[in-house]
Number of protein chains: 2
Amino acid sequence: MTYHALTEAEAIAYARQLPDLFTEGSELVSREIGDGNLNLVFHISEPSTGKSIILKQALPYAKVVGESWPLTLDRARIESEALMIQESLCPDLVPHVHAYEPELALTVMEDLSDHIIMRRGLIEGNRYPRFAGDIGRFLAHTLFYTSDLGMNQQEKKERVKRFINPELCKITEDLIFDDPYTNSPNNNVPPAIRDAVEQVWADTALHLEVAILRDKFLTHAQALLHGDLHTGSIFIKPDSTKVIDPEFAYYGPMGFDIGAVFANLLLNFAAQEGWSRDEASRSDYRAYLTGTIRDTWTTFEQEFRTLWNDHGVDRMAATPGYQDWYMQQVLRDAFGYTGSKMVRRVHGLAQVADINKLEDEAAKERAQRIALQIGTSLIKFNRQADSIEQLLDIAEKAVQ
Amino acid sequence: MTYHALTEAEAIAYARQLPDLFTEGSELVSREIGDGNLNLVFHISEPSTGKSIILKQALPYAKVVGESWPLTLDRARIESEALMIQESLCPDLVPHVHAYEPELALTVMEDLSDHIIMRRGLIEGNRYPRFAGDIGRFLAHTLFYTSDLGMNQQEKKERVKRFINPELCKITEDLIFDDPYTNSPNNNVPPAIRDAVEQVWADTALHLEVAILRDKFLTHAQALLHGDLHTGSIFIKPDSTKVIDPEFAYYGPMGFDIGAVFANLLLNFAAQEGWSRDEASRSDYRAYLTGTIRDTWTTFEQEFRTLWNDHGVDRMAATPGYQDWYMQQVLRDAFGYTGSKMVRRVHGLAQVADINKLEDEAAKERAQRIALQIGTSLIKFNRQADSIEQLLDIAEKAVQ
């Protein structure tokens, strides 16, 4: 089967021949639910039994804000392999992969339509008490067991090779670490905050920290990252968390994934300028968000240290002081990448609904300024950080 | 042609069919000059014209001190590809590769029999006034142009992939960063200095720094390293320097290659306890060696900064302060890896002739203690270093 974009009829025919999923001869229904920018996503269901699956097919191009550029189909392999590794480590926290068809760049996976995208859930003001524990555990297990601490160090090198991902990394390198710090045509600068954005463009102390963070993103093959772990890559309901879409997976610094989670919680924190009905509910929801960050870090750190102590594969990892040094580096990176991922969402190419869907222009502007304030402060402070409380302090000061 | 170890007759037959090297029908002579531990090395010459070449064939095993273990033939590909990249950057500083035969793990290269191995040259007390400039330039050009600073960052990722080198990195990880710091059966502990070696095994502050340096070796894909740049991997004569044998090449921290050069100069510095005739000639030759280290660093740093300013490919590399930060990291790594590479040569598996060929046991013991003293001091100091003079001070204090 040579590559071509599937039609709905072909998607159904493909689904029908998969073993052990649907009843032979029964009717199947397809609905294409992708946004059409990067992938086709077919929801295939069997009305007679209620069974359903997802067929996700990579398209050979990306469309972002009207532009289109070619994009490797190899990302479907990377995504399916990353999902399978994650499933082996945290089976309850990712969709199950039924099959992967390399020729078609097609992954067949569990249907999670009973979940919603977490970004939407937060915009709706929902709370997810399981989330911090789930994502903290996801981060601890996926990062530990793919690093030199938790797997054979020679096999890890072969895995680095399989997850070399130049095209998708390039998107991150440009959109997160470069464009937002200069007057690039790729930015979408909200006119109301142009003064604050111009300060970002002029702040060379900030640029130095960003250059160092980008250097680490380019060179530090520490663990297999999800690579794009924002709240739009998380399906959620009160009793379940599922991390999806790891097509940006590559070997990079652990703090980048952790920072993605924190940044998107803090973007919603900033956006409470508009979403909350009143001051009391605003500070209450913000306390929920900062509590979630604290609990995520605490869970991550405790689980990671426990895995290190109980399941480390490396004699030298038991060296006194090494674990504390290592955790401090990860925390510092998390500060820096949290900041980087906030700044790019304020005036970069791809922004977030948490802020952009605010209808009150004054509230939106306040949210943007708060997000920039938190983001730039975290970037500047990252190499001095030694406690998650400092991150929360920086966030809280920005809204006082 | 399927892989088998060549006979001398086969080596001659192979050389004869190479284009543009030898005269058709003329007599060729072969001499196998390898040490037989890792590779066959055939010196093929044509007496009628004086022309000659080297055929280097990887063997599928390694012998070190009597032990034998299987070793990938892929190292021949890595070596030949690394040589060709180095030749493209510093054509005068590596042997020319005439051909590479993947099936036979065979590299055909320039004959450098008019040079001698630098380790031997230093033991004989020779001076090489060109060396610091040559090796400083080799380091600057090979490290800059294979890093994210000097080449396309997406092509660099593909190159990281081609130079994933698990088996040879494993040798370094064990013999340099692990065994010397514990009572491992792989060590060869000289009985006379057992007390000092046991101090190394007990020194947890030292172990922490080694664990951090090993972490960088495992994860920091900064530039394409030679990977084994000691004075036994350098062919030299007064007017020429040639770097050979890059089979350990992989993407790692720049300071590892720089540290290899410094460490082996300092091992000879320590060994002057026995090689120098008297105190005056001893301090004179040591001053030559430390001057060579200073000049190597100065050349490296100046050339690297010039390449950065004039040939950088990266907009963000011009960020104020970034170059200074970067050079300081490289210097600090060089301190740490210089120390690591000294310590392992005193009581690890593979030691150096500079020290081990000393016949006067008292001088040998003093040399070993000096080398350990310098090595452990550099390791402990590495994260605070900010000038090459501090490295020279540490060396000089150890012989006062």
Side-chain angles (χ1 to χ4, degrees), chain A residues 147-149 152-170 173-174 177-179 181-182 184 204-223 250-254 314-326 329 383, chain B residues 147-149 152-170 173-174 177-179 181-182 184 204-223 250-254 314-326 329 383:
Chain A
S147 78
D148 287 298
L149 299 165
N152 176 288
Q153 298 177 340
Q154 276 40 63
E155 288 166 23
K156 179 229 170 190
K157 293 175 177 70
E158 297 295 346
R159 197 172 273 180
V160 170
K161 194 198 263 188
R162 288 193 72 77
F163 286 95
I164 294 284
N165 196 355
E167 287 190 40
L168 279 85
C169 283
K170 174 73 171 158
E173 289 153 24
D174 290 349
F177 296 112
D178 190 341
D179 296 327
Y181 302 95
T182 186
S184 159
T204 55
L206 179 71
H207 299 173
L208 173 58
E209 297 302 326
V210 173
I212 293 172
L213 289 163
R214 196 183 61 138
D215 178 67
K216 263 196 182 170
F217 184 87
L218 287 166
T219 61
H220 194 209
Q222 188 175 28
Y250 89 111
Y251 262 80
M254 296 178 179
D314 183 359
R315 185 191 78 75
M316 293 195 67
T319 303
Y322 183 53
Q323 188 182 99
D324 289 341
W325 171 85
Y326 198 102
Q329 301 306 309
R383 288 192 287 162
Chain B
S147 78
D148 287 298
L149 299 164
N152 176 288
Q153 298 177 340
Q154 275 41 63
E155 288 167 23
K156 179 230 170 190
K157 293 174 178 70
E158 297 295 347
R159 198 173 271 179
V160 170
K161 194 198 265 189
R162 289 194 72 77
F163 286 96
I164 294 284
N165 197 354
E167 287 190 39
L168 279 86
C169 283
K170 174 73 171 157
E173 288 153 24
D174 289 349
F177 296 113
D178 189 341
D179 296 328
Y181 302 95
T182 188
S184 160
T204 55
L206 179 70
H207 300 174
L208 173 59
E209 296 303 327
V210 173
I212 293 171
L213 288 162
R214 198 183 60 137
D215 178 66
K216 262 196 184 171
F217 183 86
L218 287 166
T219 61
H220 194 208
Q222 188 175 27
Y250 89 112
Y251 262 81
M254 297 178 178
D314 183 357
R315 185 192 77 75
M316 293 195 68
T319 303
Y322 183 53
Q323 188 182 100
D324 289 341
W325 172 84
Y326 198 102
Q329 300 306 310
R383 287 191 287 160

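In what follows, chains carry the letters A, B, and so on, assigned in the order in which the sequence lines appear, proteins first and then strands, with residues in each chain numbered from 1. FYI, side chains are in, hydrogens and waters are out, and symmetry mates aren't considered; it's all heavy atoms of this structure.
With a 4.5 Å cut-off on non-hydrogen atoms, B:Asp215 touches chain A through its backbone and its side chain both. For chain A, no part of B:Arg162 is nearby; none of its heavy atoms comes within less than 4.5 Å. In this structure, chain A has no heavy atom under 4.5 Å from any part of B:Glu209. For chain A, the nearby part of B:Tyr326 is the side chain; its heavy atoms alone come within less than 4.5 Å. With a threshold of 4.5 angstrom between heavy atoms, B:Asp148 approaches chain A through side-chain atoms but not through N, CA, C or O.
Top candidate by heavy-atom pairs under 4.5 Å with chain A, chosen from B:Thr204, B:Ile212, B:Thr319, is B:Ile212. Among the candidates A:Gln222, A:Lys170, A:His207, the residue making the largest number of heavy-atom pairs closer than 4.5 Å to chain B is A:Lys170.
The minimum heavy-atom distance between A:Lys157 and B:Cys169, with the atom names listed, is CE-CB, 3.7 Å. A pairwise comparison of heavy atoms in A:Arg383 and B:Trp325 identifies NH1-NE1, 3.2 Å as the closest pair.
Taking 4.5 Å as the limit, every side-chain heavy atom of B:Val160 sits out of range of all side-chain heavy atoms of A:Lys161. Contact check for B:Lys156 versus A:Thr219: side-chain heavy atoms found under the 4.5 Å cut-off. A 4.5 Å side-chain heavy-atom check between A:Gln154 and B:Glu173 finds at least one atom pair inside the cut-off.
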Quiz prompt | Derivation and outcome, side-chain contact (heavy atoms from CB on, under 4.5 Å), residues A:Asp314 and B:Arg214 | solution = CA-CA 11 Å; A:Asp314 183 359; B:Arg214 198 183 60 137; 2.3 Å; yes

